[in-house]
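Everything below concerns the one structure shown next.
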Amino acid sequence: MKVLMVCLGNICRSPLAEGILKSKVDSAYIKVDSAGTASYHVGNPPDPRSIKVAQENGIDISKQRCRKFTASDFDRFDLIYAMDKSNYGNIIGLARTKEDTEKVRLLLSEIDLDDKEVPDPYYDSRDGFEKVYRMIDQACDVIAARLEK
Ligand code: 4NP
């Protein structure tokens, strides 16, 4: 099973989602990666604020490097999680078939929260990163439990 986490920049939210889900599953069976729909930060490490909040929770995401989402990712992954509705729309816009479209979900559709989107914390304060961490962590608990079955 291969899971791809996608946001806009691939430096704040999806690197956290990649690191958090990886920490909850057996890497021999479940592969996790992340990508962004924009190319502004390609080749860069995650935002220092994401690296820090992950580190405070025992997860090292500092070695990840940003890459752009491409249509070939539909061939390489079984499940593609978008952090917000804008990301979802951008990914669906690149889908070539019904099968491609069916692989794409909103991350928070996995859990029963009032918020349906993981908000973009890029222009936010430090609190924003902690809130985003907790949302992604809850969703990844549910995803990991299902994938491990
Ligand atoms: P992300 O956050 O999509 O969670 O990685 C962003 C990072 C950078 C930018 C936007 C969102 N940016 O415009 O550079």
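Position 1 is the first residue of the sequence, and the numbers go up from there. Read the numbers this way: they start at 1 and go in the same order the structure lists the ligands and their atoms.
In this structure, Phe77 has no ring pair (Phe, Tyr, Trp, His ring centres under 6.0 Å) partners at least two apart in sequence or on a different chain. For Lys22, the salt bridge (Lys or Arg N to Asp or Glu O under 4.0 Å) test picks out Glu18, with sequence neighbours left out. For the ring pair (Phe, Tyr, Trp, His ring centres under 6.0 Å) test, no residue two or more places apart in sequence or in another chain qualifies with Phe129.
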Filter the ligand 1-protein atom pairs down to N or O on both sides and distance under 3.5 Å, then list them.
residue  : atom   : partner : partner atom : Å
ligand 1 : 2 (O)  : Asp120  : OD1          : 3.2
ligand 1 : 3 (O)  : Leu8    : N            : 3.0
ligand 1 : 3 (O)  : Gly9    : N            : 2.8
ligand 1 : 3 (O)  : Arg13   : NH2          : 2.9
ligand 1 : 4 (O)  : Arg13   : N            : 2.9
ligand 1 : 4 (O)  : Arg13   : NE           : 2.7
ligand 1 : 5 (O)  : Gly9    : N            : 3.4
ligand 1 : 5 (O)  : Asn10   : N            : 3.2
ligand 1 : 5 (O)  : Ile11   : N            : 3.0
ligand 1 : 5 (O)  : Cys12   : N            : 2.9
ligand 1 : 14 (O) : His41   : NE2          : 2.8

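Looking only at side-chain heavy atoms (C-beta outward), Arg13 and Tyr122 stay at 4.5 Å or farther from each other. Val132 is listed as a side-chain neighbour of Pro119, based on a closest heavy-atom distance under 4.5 Å.
Between the side chains of Asn87 and Thr37, not a single donor N or O lies within less than 3.5 Å of an accepting N or O.
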